[in-house]
Amino acid sequence: MEPRMPEYDNPAIAAILDTTADLLEIAGADRFRFLSYHKAAHAVRAWPEDINTLATEERLTDIPGVGKKLAANIASILARGSFAEFDELTAELPPTLVALMQVPGVGPKKARTLYDRLGVTSVDDLEAALAEGKVAALQGFGDRTAANIAAGIISYRTFGARALLADALPLAEKVAAYLRALPSAVSAEPAGSVRRGKETVGDIDVLVASLDPSAIMEAARTLPIVTRVIASGETKTSVETTAGLQVDVRVVAPDEWGAALQYFTGSAEHNVRVREIAKGLGLKVTEYGVFRIDTGERCASDTEEAVYAALGMQTPPPELRENAGEIESATAGTLPKLITLADIRGDLHCHTTATDGKSTLEANKAKAAELGYEYLAITDHAWGLRMVGGLDLDDLERQWARIDELNAEGGPVLLKSIELNIDEKGEVDYPDEVLARFDICIASLHSGWGQPREVGTSRLLRAMENRFVDIIGHPTGRILRRREPIDLDMEAVCAKAAETGTALEIDAYPDRLDLSDVHLRMALRHGARISMGCDAHEASQMHFMRYGVSTARRGWVTPEVTLNAHPLPEMLALLKRNRTA
DNA sequence: GCCGTTTTCGGCCCGACTGTTTTCAGTCG
Ligand SMILES: Nc1nc2c(ncn2[C@H]2C[C@H](O)[C@@H](COP(=O)(O)OP(=O)(O)OP(=O)(O)O)O2)c(=O)[nH]1
Ligand SMILES: [Mg+2]
Ligand SMILES: [Mg+2]
Ligand SMILES: [Zn+2]
């Protein structure tokens, strides 16, 4: 049998384009040529249509930044795993050189010199060369550069993967609160990817407004959590911390707050686009303000709204600032009214002590009441997951009886629900007579992670054909930093969800956040509904909803399309099982 | 390499910090 070509998805294509860009840069290619590869990589990653569909329909150039050449190169990757320029580049340079550029302090020029002069092709090689004193001896390097690179290797090795938002956000808020409390500080807020609510973050960025910047910089260098000062100047300090995260602190004058917050919130791609647009209007945007190019006069700077208004734009919510369509919407004045935490009327996914949860029904109900919810779906595991105590019919009767008692007491309504297991054939637990008795059924994959695309896809499609499967739980099964998503034809999954009236879940558990932002946009494109649940295995985890909402907002999700942004009767009426034919 | 209510050619964001520089390149945000 022929060996199968690997199946590509948008992130896989984007990764190859990014590698190409890095190799081109190391090879000394024109700046705008390699930047075009990075730009296309970002656009492909953020594009809410499957790259295979686009290629088949010869619509790759629909993606902004993908022209004739890049479309041909992407098509070539899909067909044979590479393209001509990539083959030439990797014949000229070892592709492992891109890993050298991941070491803080090593960029394309130093990587090239290390390779040319010392034959260094890996981080291990680099470490050896440092130990032998060869790096410091290089033209243009020196002792300090060698020491910085050595420290960079340690960070590269120990910090590695991006942090979960749920781990970084509390720390970011703590650092901001600490700096805000300084007598010389006027205000301080987290910015960067933390403010944009990205599911993982590379570092923590904090903006401070102050008339005494040196006092802020001193405080940043001496934060209790600092393990190393990477750089510290008049307005910017970068430190490594005990949390294994880099913290970047930027300070500006109070009247520059809005421009600086716009800059430091990013994303970089959003900023570049905003600045290009400004230029076309005869304006210049920096972290200090919006300026007229002709007179140098400052037109805006104190608030973000003023900055965007000076460019004729609405202020896009931070979660949308990825240069993925929000600039066009903001310019046209058509930004969507995104879902907020306050719109959430209930949680549609939680576990109890009846299976693998650590809190009782009663404790979950109390938490739902505390959160001001109207309802809570009790979705313990079904019989198919016996190893975590999956419920049999007797267990269900007992749980339902207790739910009836609790509902009689008032407060948030507990919904008799279940998280069904989707088996190898796409079938779920229990006979139809039982499924019909639930208020809501979620169905989720819990096995088969390494399966080929068509297998996982057909399991989900089959499950969605079941008229009692109202929601597909954590559709891809990804676990951030631990498990790749199952390979799926997500276009087919979203289309089937829309066609059958099956909602797709955002599992708000911080290492899942599944569906992801980009897949949510794809789901909305197809007209699918969204369901939000924390997958709490302990009552306190029902607070994870805020992370689900961040991901939903990044996916352009509105309250209208979200099941649990509706009052109970409407929410129930939207379920597949209650649809009138 | 991409792109176009000023353009199919000539642009492509803007600034901070560091080290080795004798005037600024490299890296990063
Ligand atoms: N104008 C402009 N701004 C940039 C550039 N690079 C970074 N920024 C701004 C926007 C970023 O959100 C902000 C913080 O930079 P970071 O490198 O920390 O990126 P960000 O937080 O977006 O993502 P991260 O999760 O940290 O990788 O600085 C750039 O090249 N140009
Ligand atoms: Mg950041
Ligand atoms: Mg940063
Ligand atoms: Zn669950």
Side-chain angles (χ1 to χ4, degrees), chain A residues 17 20-22 24-26 28-43 60-61 63-74 83 85 100-114 135-149 151-152 155 191-193 202-207 213 217 221 229-239 246-252 256 259-260 262-291 293 311-312 323 331:
Chain A
L17 298 179
T20 307
D22 287 340
L24 279 170
E25 191 177 9
I26 294 171
D30 174 73
R31 174 185 153 72
F32 299 107
R33 181 146 166 263
F34 73 74
L35 273 180
S36 70
Y37 277 84
H38 277 310
K39 218 180 232 179
H42 184 263
L60 286 169
T61 54
I63 304 175
V66 176
K68 272 196 155 64
K69 193 71 201 299
L70 273 158
N73 289 348
I74 292 170
F83 55 99
E85 285 82 352
L100 280 188
M101 284 179 63
Q102 308 302 311
V103 175
V106 180
K109 303 293 181 188
K110 289 201 173 80
R112 183 69 203 236
T113 305
L114 289 163
V135 174
L138 283 172
Q139 174 84 336
F141 278 64
D143 287 339
R144 287 165 174 274
T145 299
N148 284 339
I149 293 174
S155 329
S193 50
D203 67 1
I204 287 173
D205 303 291
V206 177
L207 179 67
M217 295 292 89
R221 286 190 299 271
V229 177
I230 302 166
S232 184
E234 310 263 295
T235 69
K236 194 175 107 175
T237 289
S238 292
V239 295
Q246 181 174 326
V247 174
D248 291 342
V249 178
R250 188 73 202 261
V251 58
V252 295
E256 296 162 341
Q262 192 284 323
Y263 153 73
F264 214 27
T265 298
S267 65
E269 292 81 3
H270 173 90
N271 287 355
V272 167
R273 189 73 192 293
V274 163
R275 290 166 182 215
E276 281 171 356
I277 287 170
K279 215 169 187 183
L281 297 170
L283 300 168
K284 180 177 77 158
V285 173
T286 75
E287 57 265 54
Y288 301 109
V290 182
F291 304 89
I293 291 174
L311 308 176
N323 188 25
T331 305

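The model shown is predicted, which means the values in this text are computed figures rather than measured ones.
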Looking at A/E276, I'd like to know if its CD atom is crowded, meaning that more than 12 non-hydrogen atoms belonging to other residues, nucleotides or ligands lie closer than 6.0 Å.
yes

All heavy atoms of A/R221 vs all of A/V239, minimum pair found to be CA-CG1, 4.4 Å

Counting only heavy atoms and a strict 4.0 angstrom limit, can you tell me which residues of residues 265-274 of chain A come near DNA chain B?
A/V272

P-based separation of B/dT7 from B/dA16 [nearest Å]:
34 Å

Write down the atom of A/A111, the atom of A/V106, and the distance for their closest heavy-atom approach.
N-CG1, 3.9 Å

Between B/dT18 and B/dC12, how far apart are the two C1' atoms, rounded to whole Å?
27 Å

Might you point out which heavy atoms bring A/M217 and A/T235 nearest each other, and give the distance in Å?
SD-C, 3.6 Å

Pairwise P distance, B/dT8 and B/dC3 [rounded to whole Å]
16 Å

Of all the heavy-atom pairs spanning A/G65 and A/L70, show the shortest one and how long it is.
O-CD1, 3.7 Å

Flag yes if more than 12 heavy atoms outside A/D30 fall under 6.0 Å of its CG atom; otherwise flag no.
yes

Need to verify one output field. Residue with the more 5' nearest nucleotide on DNA chain B, A/M217 or A/I293?
A/I293

Please list, one pair per line, the donor and acceptor atoms closer than 3.5 Å that link side chains of residues 34-42 of chain A to other protein atoms, with sequence neighbours excluded.
unit_1	atom_1	unit_2	atom_2	d
A/S36	OG	A/R33	O	2.5
A/Y37	OH	A/N73	ND2	3.0
A/H38	ND1	A/D18	OD1	2.9
A/H38	NE2	A/D22	OD1	3.3

Would you mind classifying the nucleic acid contact of A/K39 as base, sugar-phosphate or nothing, using non-hydrogen atoms under 4.0 angstrom?
nothing

Determine the contact category for A/D205: base if any of its heavy atoms lies under 4.0 Å from a base atom, sugar-phosphate if only primed atoms, P, OP1 or OP2 are that close, otherwise nothing.
sugar-phosphate

Looking across every strand, which nucleic acid part, if any, lies under 4.0 Å from A/S238 by heavy atom: base, sugar-phosphate, or nothing?
nothing

What is the distance from atom CG of A/L100 to atom CD1 of A/I26, rounded to the nearest 0.5 Å?
7.5 Å

When A/R275 and A/S232 are each assigned the nearest nucleotide of DNA chain B, the 5'-most assignment goes to A/R275

Pick base, sugar-phosphate or nothing for A/Y263, based on heavy-atom distances below 4.0 Å to the nucleic acid.
base

Which part of the nucleic acid, if any, lies within contact of A/V229, taking any heavy atom under 4.0 Å across all strands shown: a base, the sugar-phosphate backbone alone, or nothing?
nothing

Identify whether any heavy atom of A/Q246 sits under 4.0 Å from a base atom; if not, whether one sits that close to sugar-phosphate; answer base, sugar-phosphate or nothing.
sugar-phosphate

Contact summary for A/R273 and A/N323, nearest pair of heavy atoms
NH1-OD1, 3.0 Å

Provide the distance between the two P atoms, one in B/dT21 and one in B/dC17, to the nearest whole Å.
23 Å

Any-strand Watson-Crick or G-U partner of B/dC3, both distances under 3.5 Å:
B/dG10

Along DNA chain B, first and last positions that approach a heavy atom of chain A under 4.0 Å
B/dG1 to B/dG29

Quick check: closest heavy atoms across A/P108 and A/E25, and the distance to 0.1 Å?
CG-OE2, 3.2 Å

Please measure how far the P atom in B/dT20 lies from the corresponding atom in B/dC28, and state the result in whole Å.
16 Å

Can you check the distance between B/dG29 and B/dC13, where both ends of the measurement are the C1' atom (answer in whole Å)?
12 Å

How would you label the contact of A/D143 with the nucleic acid (heavy atoms, under 4.0 Å): base, sugar-phosphate, or nothing?
sugar-phosphate

